[in-house]
Amino acid sequence: MKIKTISLLIMSTLQFMSASAQTTVTADYQVIPLPESIAFVKDVPFQVNSSTLVYCESADEAMKKNAQFLCDYIYESTGMKVGTATSKPKDKAIRLALDPKIQNDEGYEINVSGKEVVVKGRTAQGVFYGIQTLRKSLPVGVGTTAIRFPAVTIKDAPRFHHRGMMLDCSRHFFPIDFVKRYIDLIAMHNMNIFHWHLSDDQGWRIEIKKYPNLTTIGSWRPETVVGHNTHVYDGQPHGGFYTQEQVREVIQYAADRHITIIPEIDMPGHMLAAVTSYPSLGCTGGPYTLSRRWGVFEDVLCLGNERVYEFCEDVLSEIIDLFPSRLIHIGGDEAPNKKWTECPKCQKVMKDHNLTPKTIQGYFTNRIEKFVNARGRSIIGWDEILDGDINQSATIQSWRGADTGVKAAKAGHDVIMSPVSHCYFDYQQVKDAGANEVTLCGGFLPVERVYSLNPVDQLTDEEAKHILGVQANLWTEYVVFPQQADYQVLPRMAALCEVQWRTGTRDFEDFKTRLPRLADLYDRYNYNYATHILPGRIVKVEGFKPDGD
């Protein structure tokens, strides 16, 4: 009997010790994107538990929000609650501070000793990225009672200022809650730009108060083609739009996470939703219908009609009043000139201004740019706008390949690199779509290829200064559901963020060793993701439950 009692006692003790070991976890700074400098120092780890407080030295509202973000992230990853302090705690704490000595506005430093954790940045945005590094260093799992942060000094700053992701909400409409989740992903990957594609041939997605038909008529198509422009349609109306109140809400949500939203209203092509809503905007006067199919369409804005310029300026006025971003995206891609060659009004403008069907779009773009500039903003457009006599002040988003970006930079334009070869996340992640892979628009873009992008290749150091950054795009002709959108961008966003952030040499094999820990965080938030370079993983998507219930 005594032997049995001793055995039970030993077993209970071992179980207690095992449980204790499992509830104390150690942070690992080998995160994505990998910081520029990680130097371990001789000191005991700093231990965070439920009595630890996050103290913000600054009264700045953005810094206070940073403190709350860190508390939320710790809870969501580990289940452990920590609080914030309004005055300096007597006991050990995590301290957030502004430091003007840090040179890069988005740079940060983390100093961990046995006494405290200090996250410093020149700005609140820099501190936010330091918080992201701490967040991603945490082992994910509920029931944690203590976290050990090894003593370290981390110094880090981004390579590019523009680090973006685009979401096309025109081909398929996504609800506000998903747009916010997409913004959360952007923040998790140290990105600072959300490019919101809001109009196209298949739907107009933003309320413009002066032109209500854009949403009452232009936001809904009667049905959608099934597959790759087959002759089969689903018979289901599809549409929706964002009210200006909702847009303001999303803008603030992004701003809290130090993300700028660049809105895109595509013009003069990809405008079937607009000309269907207001037929006088087209060269023929219609009738027009929203496209049920995908592709490039000949019905574009009439560039010989002064009413069109008034319409574009009115729309852009409301866009500029809503969005605080310096850059306003006017699209400019895939605008066929066939209707302009046949239209008497366009022919007259071409004659009066010594233009051709190939240069009349440049005339349109220059007029729109002058209007946008007069409102204190600047335009950005897809690289087709280079085909006209475009002003050097226009920023070029290079999508048809890196060569167009190189051409633009050499001509003195600022450039965002988004080459289809590396940055089109509607492409498949495996070469041959099998039974377990969704068939998309075609193309093959594996994670490794995304990681291999060199945004300044072929440029001198002086020319490379015009490369503002890198952005990937998710077009949604074949992306219908939020979970499918998750799958398309993950884990390719992880590869992209190292291209955008890291200044030093990148190593794909090393990246792969760090990726599983980031995938644990995807799991925690129930993001769906591709597992081709994460063998053995099976993704199960449910509603997010931060307390693990």
Side-chain angles (χ1 to χ4, degrees), residues 61 65 164-184 186-187 192-221 237-268 270-278 281 290 301 307-331 368 371-381 474 476 482 485:
E61 285 301 316
K65 289 177 181 177
M165 281 292 300
M166 185 273 279
L167 178 64
D168 168 19
C169 291
S170 299
R171 274 46 178 267
H172 281 99
F173 179 75
F174 292 92
I176 285 291
D177 286 349
F178 175 73
V179 174
K180 290 180 178 179
R181 264 175 67 84
Y182 197 81
I183 289 170
D184 288 337
I186 291 173
N192 60 359
I193 298 293
F194 171 41
H195 174 177
W196 203 358
H197 186 76
L198 291 164
S199 71
D200 221 296
D201 297 304
Q202 294 82 13
W204 188 282
R205 301 294 177 224
I206 184 169
E207 177 188 20
I208 302 296
K209 293 186 181 295
K210 191 167 184 178
Y211 298 97
N213 285 4
L214 290 173
T215 47
T216 56
I217 296 173
S219 69
W220 284 89
R221 60 178 180 265
H238 179 86
F241 68 94
Y242 309 106
T243 67
Q244 292 195 4
E245 182 179 358
Q246 288 175 318
V247 168
R248 290 189 182 94
E249 178 185 335
V250 173
I251 290 169
Q252 185 59 55
Y253 189 87
D256 288 345
R257 290 151 181 80
H258 306 278
I259 292 166
T260 298
I261 300 180
I262 296 178
E264 181 184 355
I265 303 296
D266 206 343
M267 56 180 73
H270 287 296
M271 268 287 189
L272 267 177
V275 299
T276 300
S277 303
Y278 295 95
L281 298 175
L290 270 73
L301 294 179
R307 178 73 183 84
V308 165
Y309 295 90
E310 179 185 343
F311 167 81
C312 291
E313 290 175 2
D314 289 341
V315 168
L316 289 173
S317 289
E318 294 196 30
I319 294 295
I320 288 169
D321 288 344
L322 279 170
F323 292 89
S325 59
R326 180 183 70 84
L327 293 176
I328 303 296
H329 209 305
I330 63 166
I368 296 301
F371 172 79
V372 173
N373 290 349
R375 298 294 299 270
R377 310 296 180 87
S378 300
I379 66 164
I380 178 173
L474 181 63
T476 62

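Only a predicted model underlies this, so the values are computations on that prediction, with no experimental measurement involved.
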Review point. Within the side chain of Asp266, is there an N or O that forms a donor-acceptor pair under 3.5 Å with the backbone of Asp200?
Key: no

Practice item. Say whether, by atom type as modelled, one donor and one acceptor occur between the side chain of His195 and the main chain of Ile262 under 3.5 angstrom. Key: no

Check your understanding: Is there side-chain contact between Val308 and Pro268, with at least one heavy-atom pair below 4.5 Å?
Key -> no

Practice item. May I have the step-by-step check of side-chain contact (heavy atoms from CB on, under 4.5 Å) for Leu327 and Arg377, ending in yes or no? Key: CA-CA 6 Å; Leu327 293 176; Arg377 310 296 180 87; over 6 Å; no

Review point. Quick check: does any side chain N or O of Thr215 sit under 3.5 Å from a backbone N or O of Pro212, one acting as donor and the other as acceptor?
Key: yes

Exercise for review: Test side-chain hydrogen bond (donor to acceptor under 3.5 Å, both in side chains) on Gln244 and Glu318 and set out the steps.
Suggested key: CA-CA 9 Å; Gln244 292 195 4; Glu318 294 196 30; 2.8 Å; yes

Practice item. Hey, could you give me the OG/CE distance between Ser199 and Met267, rounded to the nearest 0.5 Å? Key: 7.0 Å

Review point. Taking only residues two or more places apart in sequence, or in another chain, which ones meet Phe311 in a ring pair (Phe, Tyr, Trp, His ring centres under 6.0 Å)?
Key: Tyr211

Review point. Do Glu313 side-chain atoms and Glu310 backbone N/O form a donor-acceptor pair below 3.5 Å?
Key: no

Point to revise | Over all atoms of both residues, closest heavy-atom pair of Trp204 and Ala273 | key: N-CB, 3.8 Å

Exercise for review: Without swapping roles, check the side chain of Arg205 against the backbone of Gly240 for a donor-acceptor pair under 3.5 Å.
Suggested key: yes

Review point. Any side-chain heavy atom of Asn192 within less than 4.5 Å of one from Ile186?
Key: no

Exercise for review: Keeping the roles fixed (side chain from Tyr182, backbone from Met166), state whether a donor-acceptor pair exists under 3.5 Å.
Suggested key: yes

Check your understanding: Taking the six-membered ring of Tyr309 as reference, does the NZ or CZ atom of Arg307 fall below 6.0 Å from its centre and within a 45° cone about the axis?
Key -> no

Point to revise | Ile217 backbone acceptor or donor facing Ser277 side chain under 3.5 Å | key: no

Review point. Taking the side chain from Arg221 and the backbone from Gln202, do they hold a donor-acceptor pair closer than 3.5 Å?
Key: yes

Check your understanding: Should we count CD of Gln252 as having more than 12 external heavy atoms under 6.0 Å?
Key -> yes

**Study point:** Shortest non-hydrogen contact between Met271 and Asp201, atoms and distance
**Key:** N-OD1, 3.2 Å

Point to revise | Pair Tyr242 and Trp196, ring centroids less than 6.0 Å apart | key: yes

Point to revise | Test side-chain contact (heavy atoms from CB on, under 4.5 Å) applied to Ser325 and Ile328, step by step | key: CA-CA 7 Å; Ser325 59; Ile328 303 296; 3.9 Å; yes

**Study point:** From Met165 atom CE to Ile259 atom CD1, the distance as rounded to the nearest 0.5 Å
**Key:** 11.5 Å

Exercise for review: Test Leu272 against Leu290 for side-chain contact (heavy atoms from CB on, under 4.5 Å), laying out the working first.
Suggested key: CA-CA 6 Å; Leu272 267 177; Leu290 270 73; 5.8 Å; no

**Study point:** Salt bridge Asp168-Arg171, side-chain N to carboxylate O under 4.0 Å
**Key:** yes

Point to revise | Under 3.5 Å: donor-acceptor pair, side chain of Thr260, backbone of Ile193 | key: no

Point to revise | CG on Leu316 to CD1 on Ile379, rounded to 0.5 Å | key: 10.0 Å

Revision key, fill the gap. Here the gap from Ser317 atom OG to Phe371 atom CZ, rounded to the nearest 0.5 Å, amounts to 3.0 Å

Check your understanding: For Ser219 and Phe173, what are the C-alpha separation, side-chain angles and deciding distance, and is it a side-chain contact (heavy atoms from CB on, under 4.5 Å)?
Key -> CA-CA 9 Å; Ser219 69; Phe173 179 75; over 6 Å; no

**Study point:** Heavy-atom donor-acceptor pair, His197 side chain to Leu474 backbone, under 3.5 Å
**Key:** no

Check your understanding: Between Ile265 and Ile206, which heavy-atom pair has the shortest distance, and what is it?
Key -> CD1-CG2, 4.1 Å

Practice item. Kindly compute the distance separating CG (Leu214) from CG (Leu198), expressed to the nearest 0.5 Å. Key: 12.0 Å

Revision key, fill the gap. d(Glu207 CD, Leu322 CG) to nearest 0.5 Å is 8.5 Å

Check your understanding: Of the non-hydrogen atoms in Asn213 and Tyr278, which two are nearest, and what is the gap between them?
Key -> N-OH, 3.0 Å

Practice item. Take Arg248 and Asp321, measure what salt bridge (charged side-chain N to carboxylate O under 4.0 Å, His left out) needs, and give me the verdict at the end. Key: CA-CA 10 Å; Arg248 290 189 182 94; Asp321 288 344; over 6 Å; no

